[in-house]
Number of protein chains: 2
Amino acid sequence: MPRTTQTDLAVLAALSVTPMTGYALREAILDHLGAFWSESFGQIYPALSRLREAGYVEAFDGERTGSSTYRLTASGRTQLVDLMREAPVRTPPRNGMLLRLFFGDVLGARACRELVAEYRDLATRQLAELAEARRATEADDAGTSQRPYQLMTISAGEHSARAALAWADETLASLDALVAAGR
Amino acid sequence: MPRTTQTDLAVLAALSVTPMTGYALREAILDHLGAFWSESFGQIYPALSRLREAGYVEAFDGERTGSSTYRLTASGRTQLVDLMREAPVRTPPRNGMLLRLFFGDVLGARACRELVAEYRDLATRQLAELAEARRATEADDAGTSQRPYQLMTISAGEHSARAALAWADETLASLDALVAAGR
DNA sequence: TCGCAGTATATCTGGTAGACATGTATCTGA
DNA sequence: TCAGATACATGTCTACCAGATATACTGCGA
């Protein structure tokens, strides 16, 4: 699918903020980009080796035995900009909840209700996490040039989660009506 | 990631509506589930073979030479219900546009503006497609037991696309302000 | 000091997308 | 009528990627 691996872009971008170990990289991506991006160890470590061979990052010994910290090189920064300029790869949609709901008469209205209720809970949790992220970002004094962009991505999550919530409420009402009408 | 392949579920569900060839299956998934699901030929054909060996579908000669039409069996319908009852697999998020926007100061406000503008266009197109799908579904006389569920999934797409649109407009304004402020 | 939680690295399996290769049937316009 | 375009149809191959699993070290509290 991708012309070039998306993992490389995410890894280089994260390392452009500060040098990190592979483990810390994954934590950072989960914490800061978790709402719209994810990376697994199975991708991160091979990517780091690849990027090191290409000269885009360099490794130096970490604080613990057997741990290396990776730092972006000058050519790595150039490569990062190049990758950023490429058109974003659109990952095909796969929403298991909507797939099941579409064939809802196979499952029954009651089970569908449960599915949508879980989806609603998820949106609520996301909204809480985003509120926390917004607070943290607005309180942070450092990195003022990055802040406006980070707030835009947080806002994207908020719009999306609020839409999910509104849809779930509307849909739960419809499903209740279906259940009341004897399924 | 998945306990059991998601493709099997989608294929069985689609065949529960009407028998189809692999090619038609892909068309149907694209047309009716395209807003929240996708399948490639590379998944569909192996899945059909697998499901046939397991006795969940049966093949009979299609209208053209070398084409087979697949039909759900009784045990296939049981398996479909079982798969439907499993908890939906949550695919990890990967939004390349937001990844780039988060590191927007690497790319510059102008390039970010373009990225968001494209995203806005996409949402507009989706909204138009969903309006068409809603019209078609509401006009269709057949399948009254499926219709309410189908309308719920269409509504999910509409909520999501409208949220994307609102966010894009808000964000384009912010980016314009950044550009005006000398990036 | 024992065990547990957290840090850290690495590999393996299998699901999946998309490109590609191949061929057939049907339609359209010259 | 026939050539080429278009739609139908099947299948394979490569590479991306997630998640599970294995391994080991470290620091802390009981």
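The chains referred to below are lettered A, B, ... by the order of the sequence lines, with proteins before strands, and numbering in each begins at 1.
Taking only side-chain nitrogens and oxygens, B:R94 never comes nearer than 4.0 Å to OP1 or OP2 of D:dC16. OP1 or OP2 of D:dC17 lies within a sub-4.0 Å distance of a side-chain N or O belonging to A:T5.
Going from atom CZ of B:R26 over to atom C1' of D:dG11 covers 14 Å, rounded to whole Å. Atom-to-atom, CG of B:L30 to P of D:dA7 comes out at 14 Å; the value is rounded to the nearest Å. Whole-Å rounding puts the B:Q6 CD to C:dG14 P distance at 17 Å. The CZ atom of B:F41 sits 13 Å away from the C1' atom of D:dT12 (whole-angstrom rounding). Regarding A:Y23, its OH atom lies at a distance of 15 Å from the P atom of C:dA10, rounded to whole Å. Protein atom CG of B:L48 is 13 Å distant from nucleotide atom P of D:dT12, rounded to whole Å. Between the CZ atom of B:R50 and the P atom of C:dG14 there is a distance of 12 Å, given to the nearest Å. Going from atom CD of A:Q43 over to atom P of D:dA20 covers 15 Å, rounded to whole Å.
Nearest-nucleotide assignment on DNA chain C puts the 5′-proximal partner with A:S67, out of A:P46 and A:S67. Across the interface with DNA chain D, nearest-nucleotide mapping of A:S38 and B:S49 shows B:S49 to be the residue nearer the 5′ end. Residues B:P93 and B:Y70 both approach DNA chain D. Their nearest nucleotides, taken by heavy-atom distance, put B:Y70 toward the 5′ side.
At a threshold of 4.0 angstrom between heavy atoms, the contacts of B:G22 are confined to the sugar-phosphate backbone, with no base atom among them.
The listed nucleotides are C:dA17, C:dT9, D:dC8; the one nearest the side chain of B:S40 is C:dA17. Listed nucleotides C:dA8, C:dA17, D:dA18 differ in distance to A:E39; the shortest reach to its side chain belongs to D:dA18. When each of C:dT16, D:dG19, C:dT7 is scored by its nearest atom to the side-chain atoms of B:T7, the top-ranked nucleotide is C:dT16. The side chain of A:Y45 has C:dT9 as its nearest neighbour among C:dT9, C:dA17, D:dA18. Taking every side-chain heavy atom of A:P92 into account, C:dA17 is the closest of C:dA17, D:dT10, C:dT16.
There is a side-chain donor-acceptor pair under 3.5 Å between A:Q43 and A:T7.
By the 4.0 Å N-to-carboxylate-O rule, B:R135 lies close enough to B:E132 to be salt-bridged with it.
Contact between B:A10 and B:W37 at its shortest, heavy atoms only, is CB-NE1, 3.4 Å.
Ring pair A:Y23/A:F41 is parallel by interplanar angle, where below 30° counts as parallel and above 60° as perpendicular.
No donor-acceptor pair closer than 3.5 Å links the side chain of B:R52 to the backbone N or O of B:Y70.
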